[in-house]
Amino acid sequence: MGIVNEKNILRRKFKLIRDSSTEEERNNVTKNVEKYLRSYKATKNSIKHIGLYWPIHKEVDLRCLKEQYFIALPKCQSKKKLKYHFWDKSSFKSDLEGIPYPDNLYFIDYMELSMIFMPCLSIDREFYRLGYGGGYFDRLRADKGWNKVPAIGVLTSSCVSKDLLSRSEFDIPLSGYITDKEIVV
């Protein structure tokens with residue numbers, strides 16, 4: 001069986017697990033993200049912008065962070081590229097994948113981001129992420145500048161893989177992850 005088939009099997013498995021997560025579990029992930037940010041702010045003194053994502057399906061919703069922090073949301077572009085837009089009062093449009101992003105020209109460069117939170121279907125103990133298979137985040141992080149920005153996976157604890165996940169040569173490990181039960185960053 002090839003790597004693509006292995007990953008597709010894992011995606012189906014972890015989508016089912018994620019879809020069975022409770023609202024309470026997802027809210028507890030958000031609380032742990034907030035706890036992590038308070039700790040980060042106490043030790044680093046400031047947070048520039050935070051790269052988030054627009055939640056789809058039953059992904060953890062971190063949009064409440066906009067109340068306290070400057071937020072940037074990604075826009076999926078052609079050739080599987082991501083570009084982060086500052087989340088201001090602009091209206092939203094849908095990108096190539098149908099995901100909302102702020103319709104403005106305020107792009108955020110990697111130097112303006114303190115960290116990026118990424119949704120995960122799963123993650124393993126070596127911080128390899130299983131996403132939807134588009135490759136957007138890996139392409140972004142393959143850039144040397146963007147690779148310097150801490151990338152933190154967000155998911156419920158039931159989706160953390162006990163085994164190492166199948167990976168390709170293009171997969172790039174994250175800096176850590178946050179679940180409803182732990183902060184591993």
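Hydrogens, waters and symmetry mates are skipped; everything else that's a heavy atom, side chains included, is used.
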**Q** Is any side-chain heavy atom of Pro55 closer than 4.5 Å to one of Tyr53?
**A**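 Yes; the side chains approach each other to less than 4.5 Å.
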**Q** Report yes if some heavy atom in the side chain of Leu165 is under 4.5 Å from a heavy atom in the side chain of Phe14; otherwise report no.
**A**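 Yes, their side chains come closer than 4.5 Å.
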**Q** What about Tyr106 and His85, are their ring centers closer than 6.0 Å?
**A**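 No, too far apart.
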**Q** Determine the interplanar angle of the Tyr177 and Phe127 rings, folded into 0 to 90°, and report it as parallel if under 30°, tilted if 30 to 60°, perpendicular if over 60°.
**A**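 Because their plane-to-plane angle is over 60°, the rings of Tyr177 and Phe127 count as perpendicular.
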**Q** Out of curiosity, Tyr69 OH to Ile50 CD1, how far, rounded to the nearest 0.5 Å?
**A**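 Nearest 0.5 Å value for the OH-CD1 distance: 6.0 Å.
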**Q** Rounded to the nearest 0.5 Å, what separation is found between the CG atom of Asp95 and the OG atom of Ser78?
**A**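 Reported to 0.5 Å precision, the distance equals 11.5 Å.
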**Q** If hydrophobic residues (ILVMFWY) are linked whenever their side-chain heavy atoms come closer than 4.5 Å, directly or via other members, who joins Leu96 in its cluster?
**A**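 Under the 4.5 Å side-chain rule, Leu96 groups with nothing.
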**Q** Report the distance from atom CH2 of Trp54 to atom CH2 of Trp87, rounding to the nearest 0.5 Å.
**A**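 Trp54 CH2 to Trp87 CH2: 5.0 Å, rounded to 0.5 Å.
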**Q** Would you say Lys58 has more than 12 foreign heavy atoms packed within less than 6.0 Å of its NZ?
**A**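 Buried by this count: over 12 neighbours within 6.0 Å.
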**Q** Sequence neighbours left out, what pairs pass side chain to side chain donor-acceptor pair (under 3.5 Å) with at least one residue falling in residues 116-128?
**A**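 Checked against side chain to side chain donor-acceptor pair (under 3.5 Å) - neighbours excluded - the pairs reaching residues 116-128 are Asp124-Arg167, Glu126-Arg167.
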**Q** Within this structure, what is the CZ-CG distance for the pair Phe70 and Leu65, rounded to the nearest 0.5 Å?
**A**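 The CZ atom of Phe70 sits 13.5 Å away from the CG atom of Leu65.
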**Q** Roughly how far, to the nearest 0.5 Å, is the CG atom of Asn8 from the CD1 atom of Ile3?
**A**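 Going from CD1 on Ile3 over to CG on Asn8, the span is 10.5 Å.
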**Q** How would you list, by chain and number, every residue that makes a ring pair (Phe, Tyr, Trp, His ring centres under 6.0 Å) with Phe137, sequence neighbours excluded?
**A**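 In terms of ring pair (Phe, Tyr, Trp, His ring centres under 6.0 Å), with neighbours along the sequence ignored, Phe137 is linked to no residue.
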**Q** Can you tell me how the ring of Tyr36 sits relative to the ring of Phe117, calling it parallel under 30°, perpendicular over 60° and tilted otherwise?
**A**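 Perpendicular.
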**Q** Where do Lys48 and Glu112 come nearest, in terms of heavy atoms and distance?
**A**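 Shortest heavy-atom contact: CB-O, 3.2 Å.
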**Q** Name the one of Trp146, Tyr110, Phe107 that satisfies ring-ring contact (aromatic ring centres under 6.0 Å, His included) with Tyr84?
**A**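 The option that passes is Trp146.
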**Q** Kindly check if the number of other-residue, nucleotide or ligand heavy atoms within 6.0 Å of NZ (Lys35) is above 12?
**A**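 Counting other residues, nucleotides and ligands, NZ of Lys35 stays at 12 neighbours or fewer.
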**Q** Within the supplied structure, the quantity of interest is the number of heavy atoms (other residues, nucleotides, ligands) at a distance under 6.0 Å from Leu164 CG; does it exceed 12?
**A**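 More than 12 heavy atoms, drawn from other residues, nucleotides or ligands, come within 6.0 Å of this atom.
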**Q** Do you know the tightest heavy-atom contact between Glu34 and Cys64?
**A**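 Closest heavy-atom pair between Glu34 and Cys64: OE2-SG, 3.7 Å.
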**Q** Distance check, rounded to the nearest 0.5 Å: Leu37 atom CG versus Asn32 atom CG?
**A**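 Going from CG on Leu37 over to CG on Asn32, the span is 11.0 Å.
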**Q** Is it true that the side chains of Glu97 and Tyr132 contain a donor and an acceptor less than 3.5 Å apart?
**A**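 Note: Glu97 and Tyr132 side chains miss the donor-acceptor criterion.
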**Q** Give me the one residue out of Ile108, Leu82, Leu52 that meets side-chain contact (heavy atoms from CB on, under 4.5 Å) with Pro74.
**A**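 Between Pro74 and the candidates, side-chain contact (heavy atoms from CB on, under 4.5 Å) is satisfied uniquely by Leu82.
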**Q** I'd like to know whether NZ of Lys93 has more than 12 heavy-atom contacts from other residues, nucleotides or ligands below 6.0 angstrom.
**A**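 Counting other residues, nucleotides and ligands, NZ of Lys93 stays at 12 neighbours or fewer.
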